[in-house]
Amino acid sequence: MGDPDTPSPPQPLEEQWPRVRATIDDATGILVCLDFDGTLAPIVKDPDDATPTERNQEAVTTLADTPGVTTAVVSGRALSDVRERIDGPSIYAGNHGLELARGEDVTVHSIARKHATRIERLCAVLEVALASVPNCRVENKRLTGTVHFRAVPSAAVPTARRITHDVVDSVGGDALEISPGKQILEIGPELAWGKGDAVEVVVADEPSETAVIYVGDDVTDESAFRTVEPDGLGIRVGGDEPSHASARVESPADVADFLSWLGSTGVDLLE
């Protein structure tokens with residue numbers, strides 16, 4: 001089981017079925033929170049090409065239409081971006097939770113809004129500074145920025161990382177910070193806020209007897225795993241590296257298997 005303080009290798013999901021069933025059996029509803037890239041959609045070299053697998057889109061649509069189930073997508077992508085890529089959820093959290101859309105209601109973290117102009121200026125400077133690094137991509141997400149290394153030759157990655165840190169130190173000062181991810185560096189306002197905080201906000205609107213499930217694949221999902229465990233269920237997509245999630249699956253295809261089960265057999269376990 002995921003420990004709130006010390007991460008450990010998550011167990012394969014098939015070894016967690018008794019706990020999964022017991023968690024849902026004790027609940028009156030289910031909140032399913034899902035990362036996008038690497039979870040619903042396979043990781044691709046060009047982030048603009050990312051799309052959810054057909055089975056994941058079908059499963060999310062089914063869950064969104066199921067009474068007693070609330071679906072949320074919690075992504076590092078900008079809110080406007082992720083909303084265009086996956087249909088169905090009633091809740092979307094973009095920019096690692098700095099933007100939160102619940103129905104027609106959209107809220108933006110006040111400190112992130114304050115530093116949006118600085119992020120825009122930083123991304124413009126990074127575009128110039130990293131122009132000599134082959135295939136390095138700077139993404140301006142308004143409230144945060146991302147430097148993508150996935151298509152950069154391995155020998156050039158250290159240079160790209162060094163340049164990024166130097167520019168952020170110069171332009172961002174104490175107002176911005178860098179967070180690592182899978183072949184990316186995320187840049188955002190220095191504040192104690194992440195996906196886990198967004199999940200806490202969403203959970204607060206749900207009945208107390210709701211089973212909370214979070215599925216994600218990256219370092220930025222760890223705060224969400226800490227939020228839902230141990231009363232809920234965190235599922236890590238990928239290998240058996242230490243995580244605050246208690247269970248793991250290997251790929252977006254396995255996520256689709258789980259979500260399909262949840263939308264059929266799983267919901268029948270609700271009280």
Over 12 non-hydrogen atoms of neighbours within 6.0 angstrom of [atom1] in [X]:
X    : atom1 : value
E120 : CD    : no
D105 : CG    : yes
E54  : CD    : no

Taking [Y]'s backbone N and O only, do any of them form a donor-acceptor pair with [X]'s side chain (distance below 3.5 Å, no angle check)?
X    : Y    : value
H109 : I111 : yes
D205 : V202 : no
E222 : H244 : yes
E229 : S246 : yes
D169 : D166 : no
D221 : G216 : no
R85  : A50  : yes

Problem - T227 and V212: CA distance, side-chain angles, deciding distance, side chain to side chain contact (heavy atoms under 4.5 Å, CB included) verdict - result: CA-CA 10 Å; T227 294; V212 184; over 6 Å; no

Practice task
Please state whether the rings of F225 and Y214 are parallel, tilted or perpendicular, taking 30° and 60° as the class boundaries.
Solution key: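 F225 and Y214: perpendicular rings.
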
Using a strict 4.0 Å threshold on nitrogen-to-oxygen distance, state whether [X] and [Y] make a salt bridge.
X    : Y   : answer
K182 : D37 : no
K141 : D81 : no
R142 : E99 : yes

Do you reckon [X] sits in the same ILVMFWY cluster as [Y], going by side-chain contacts under 4.5 Å, direct or chained?
X    : Y    : answer
I213 : L269 : yes
V203 : V215 : no
F36  : V199 : no
L31  : L40  : no
V228 : L34  : no

Within-4.5 Å side-chain heavy-atom neighbours: [X] and [Y]:
X    : Y    : answer
V20  : W261 : yes
D35  : V74  : no
V237 : E250 : no
L270 : T28  : no
H96  : W193 : no
P47  : R150 : no
F149 : N135 : no
I187 : L126 : yes

Grab the two heavy atoms, one from [X] and one from [Y], that are nearest each other, plus how far apart they are.
X    : Y    : result
V201 : R102 : CG1-NH1, 3.5 Å
C123 : G145 : SG-CA, 4.0 Å
A101 : V106 : CB-CG2, 3.9 Å
H148 : I184 : ND1-CG2, 3.6 Å
Y92  : I86  : OH-O, 2.7 Å
L233 : Q16  : CD1-OE1, 4.5 Å

Practice task
Could you please spell out the steps behind the side chain to side chain contact (heavy atoms under 4.5 Å, CB included) verdict for V167 and L122?
Solution key: CA-CA 8 Å; V167 171; L122 173 72; 3.6 Å; yes

Exercise for the section: Apply the side chain to side chain contact (heavy atoms under 4.5 Å, CB included) test between L100 and each candidate in V108, I91, N95; give the one that qualifies. Expected result: I91

Donor-acceptor pairs are to be reported for all side-chain atoms of residues 57-68 against protein atoms at under 3.5 Å, with residues two or more places apart or in another chain.
{"residue": "Q57", "atom": "OE1", "partner": "D87", "partner atom": "N", "Å": "3.2"}
{"residue": "Q57", "atom": "NE2", "partner": "T61", "partner atom": "OG1", "Å": "3.1"}
{"residue": "Q57", "atom": "NE2", "partner": "D87", "partner atom": "O", "Å": "2.9"}
{"residue": "T61", "atom": "OG1", "partner": "Q57", "partner atom": "O", "Å": "2.9"}
{"residue": "T62", "atom": "OG1", "partner": "E58", "partner atom": "O", "Å": "3.0"}
{"residue": "T66", "atom": "OG1", "partner": "T62", "partner atom": "O", "Å": "2.6"}

Handout entry: L176 and I119: CA distance, side-chain angles, deciding distance, side chain to side chain contact (heavy atoms under 4.5 Å, CB included) verdict
Key = CA-CA 8 Å; L176 303 180; I119 289 288; 3.8 Å; yes

Exercise for the section: Quick one: pull up CG in L259 and OG in S264 and give me the separation to the nearest 0.5 Å. Expected result: 10.5 Å

Problem - Pairs where residues 240-249 contributes a residue and the test salt bridge (Lys or Arg N to Asp or Glu O under 4.0 Å) is met, not counting sequence neighbours - result: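 Non-adjacent pairs meeting salt bridge (Lys or Arg N to Asp or Glu O under 4.0 Å): R236-E241.
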
Problem - Distance-only side-chain donor-acceptor flag, N56 / T53, under 3.5 Å - result: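 Their side chains do contain a donor-acceptor pair, which is all the 3.5 Å distance test asks for.
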
Practice task
Establish, from distance only, whether the side-chain atoms of T144 and E186 form a donor-acceptor pair under 3.5 Å.
Solution key: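 Judged by distance alone, the side chains do not pair up.
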
Practice task
Check step by step if side chain to side chain contact (heavy atoms under 4.5 Å, CB included) holds for C136 and V147.
Solution key: CA-CA 7 Å; C136 191; V147 179; 3.6 Å; yes

